Amino acid sequence: MKNFQYYNPVRIVFGEGQIEQLSELVPTDARVLITYGGGSAERTGTLAEVREALATNGDRKVFEFGGIEPNPEFVTLLKAADIVNENNIDFILAVGGGSVLDGSKFVALVSSLKEADGTVSRDKAWEALISYTKNLDSAVDLGAVLTIPATGSEMNSGGVVNYSERQAKLPFGNPLAFPKFSILDPAKTLTLPERQVMNGIADAFVHVMEQYLTYPVNAKVQDAFAESLLKILIEEGPAVKQDPNNMETRKNIMWTATMALNGLIGAGVPQDWTTHMIGHELTSLHNIDHARTLTIVLPSVLRELKDSKKDKLIQYARNVWNLSVEDADIQDEDALIERAIRKTEDFFRELGLPVSLADAELDETAIDPIVTQLEAHNMVKLGEHNKNDLEVSRRILERAVMSKAS
Ligand code: NZQ
Ligand code: ZN
């Protein structure tokens, strides 16, 4: 295991009906900006609950900003940041999924980057984004009410912002962006369309894989934990598809997705975010849902890098899929690894997710523009060994054109 520091200050408030805790969690004299997405929070009644809780206990001034898009748009977020400044907001309350949470973190970080006329500077905010926001040293306080289990944004300090004009979808991270608290009410996930539920399971699955499927460093806690999270998702994905109203299933999915990307399983181990970085380009060029880009790319990443990931792939096959070279129909380690990758693809397919570019109605002509964008965004040394250059990414994408028959 490598040396590490683990720090996570987010208070998690988990359970049905917990939105009412906002009356205690948000400072009673705060000037609050509620941020939300395209309308689901209003439609489902979540916003009404939030407003009611904030009106209880104290003298808060409450403002609202709606319209943060899935894959939150840079330009929209700057408008929210102006509202923060115009109204002297000192607490942002994000109500929604990963996009609203990420976007609100970005707003919290960049609202102090002003022009002489007091508006938030596009140039400075863009500079901040391309430098991962790591040089920013102040942020507005932020809390979250999560309505979709997927990204882990509720318990981490990162986010992803999309800047369509520049065809760039870029990650950022800064410890100041940790939410002060996140409310996780599993009942809030019952209104999600099935597609979003399945997306969430896939996103969490791939988060675990990118922190687990590298090379062994004898990190027993992280490995066992990661394998358990994967097995839970493999069990609960089909379960929620079959019985969407089962609250116990919803609870387990929600907590699993949070644990998949709150830093715990990634502490002290190598990580490989190749799938995410290629996936971001697919979203930005072709507007494919985040999780769907991942299920398209991951199987090809595993196949292309199977030599450098061999030990972990064998461990994955054995501990997650209960496969073994002793099995009658598995001749050798190569066959074992291929079987585990196919099991992974079958799992994604069962949830209705694409596993190839063809499944997303793209062909080999999609590859060049993606590689060009990877280069433009300096994604030229990806992977746990920093060896995945543009040629490796190209080969991964070539493998992803057609899916293998299951
Ligand atoms: O916009 P509204 O109307 O709210 O609708 C949303 C949206 O259309 C809807 N929705 C959310 N909660 C709902 C609901 N509909 C009905 N009932 C509810 N309870 O779901 C749609 C998708 O929402 P979105 O927030 O985009 O989904 P998700 O949580 O999957 O977030 C995806 C974003 O997170 C980023 C992705 O890149 C993407 O931009 N990620 C953030 C990460 C992080 N912060 O650590 C890591 C991830 O790898 C990921 O990259
Ligand atoms: Zn993700």
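Fair warning: this is a prediction, and the values are worked out from it, not measured in the lab. The chain is numbered in sequence order, starting from 1. Whatever order the structure lists ligands and atoms in, that order sets their numbers, starting from 1.
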Q) Excluding sequence neighbours, so at least two apart, what forms salt bridge (charged side-chain N to carboxylate O under 4.0 Å, His left out) with Lys188? A) Glu49
Q.
Can you see whether Asn156 engages Lys105 through a side-chain donor-acceptor pair at a distance of less than 3.5 angstrom?
A. yes
Q | Closest non-hydrogen atom pair between Leu190 and Pro244, with its separation | A | CD2-O, 3.6 Å
Q. Quick one: is the NZ or CZ of Lys79 closer than 6.0 Å to the six-membered ring centre of Phe65, and within 45° of its axis?
A. no
Q. With a cut-off of 2.8 Å, which protein N/O/S atoms are close to the Zn ion (ligand 2), if we only count those under it?
A. Asp203 OD1, His207 NE2, His276 NE2, His290 NE2
Q.
I'd like to know if Glu115 pairs up with Arg122 as an ion pair, taking the criterion as any Lys NZ or Arg NE/NH1/NH2 lying under 4.0 Å from an Asp or Glu carboxylate oxygen.
A. no
Q. Is there a donor-acceptor contact under 3.5 Å linking the side chains of Lys169 and Asn71?
A. yes
Q. Who's touching ligand 1 if we go heavy atoms under 4.0 Å?
A. Gly37, Gly38, Gly39, Ser40, Pro70, Asn71, Pro72, Gly97, Gly98, Ser99, Asp102, Thr147, Ile148, Ala150, Thr151, Ser153, Asn156, Gly158, Gly159, Val160, Lys169, Lys188, Thr191, Leu192, Pro193, Gln196, Asp203, His207, Leu261, His276, His280, His290
Q: Could you list the residues that satisfy side chain to side chain contact (heavy atoms under 4.5 Å, CB included) with Gln271, not counting sequence neighbours?
A: Gln211, Trp273
(Q) Taking the six-membered ring for Trp, are His377 and His280 closer than 6.0 Å centroid to centroid? (A) no
Q.
If we check ring-ring contact (aromatic ring centres under 6.0 Å, His included) with Phe172, which of these qualifies: Phe106, Trp126, Tyr132?
A. Phe106
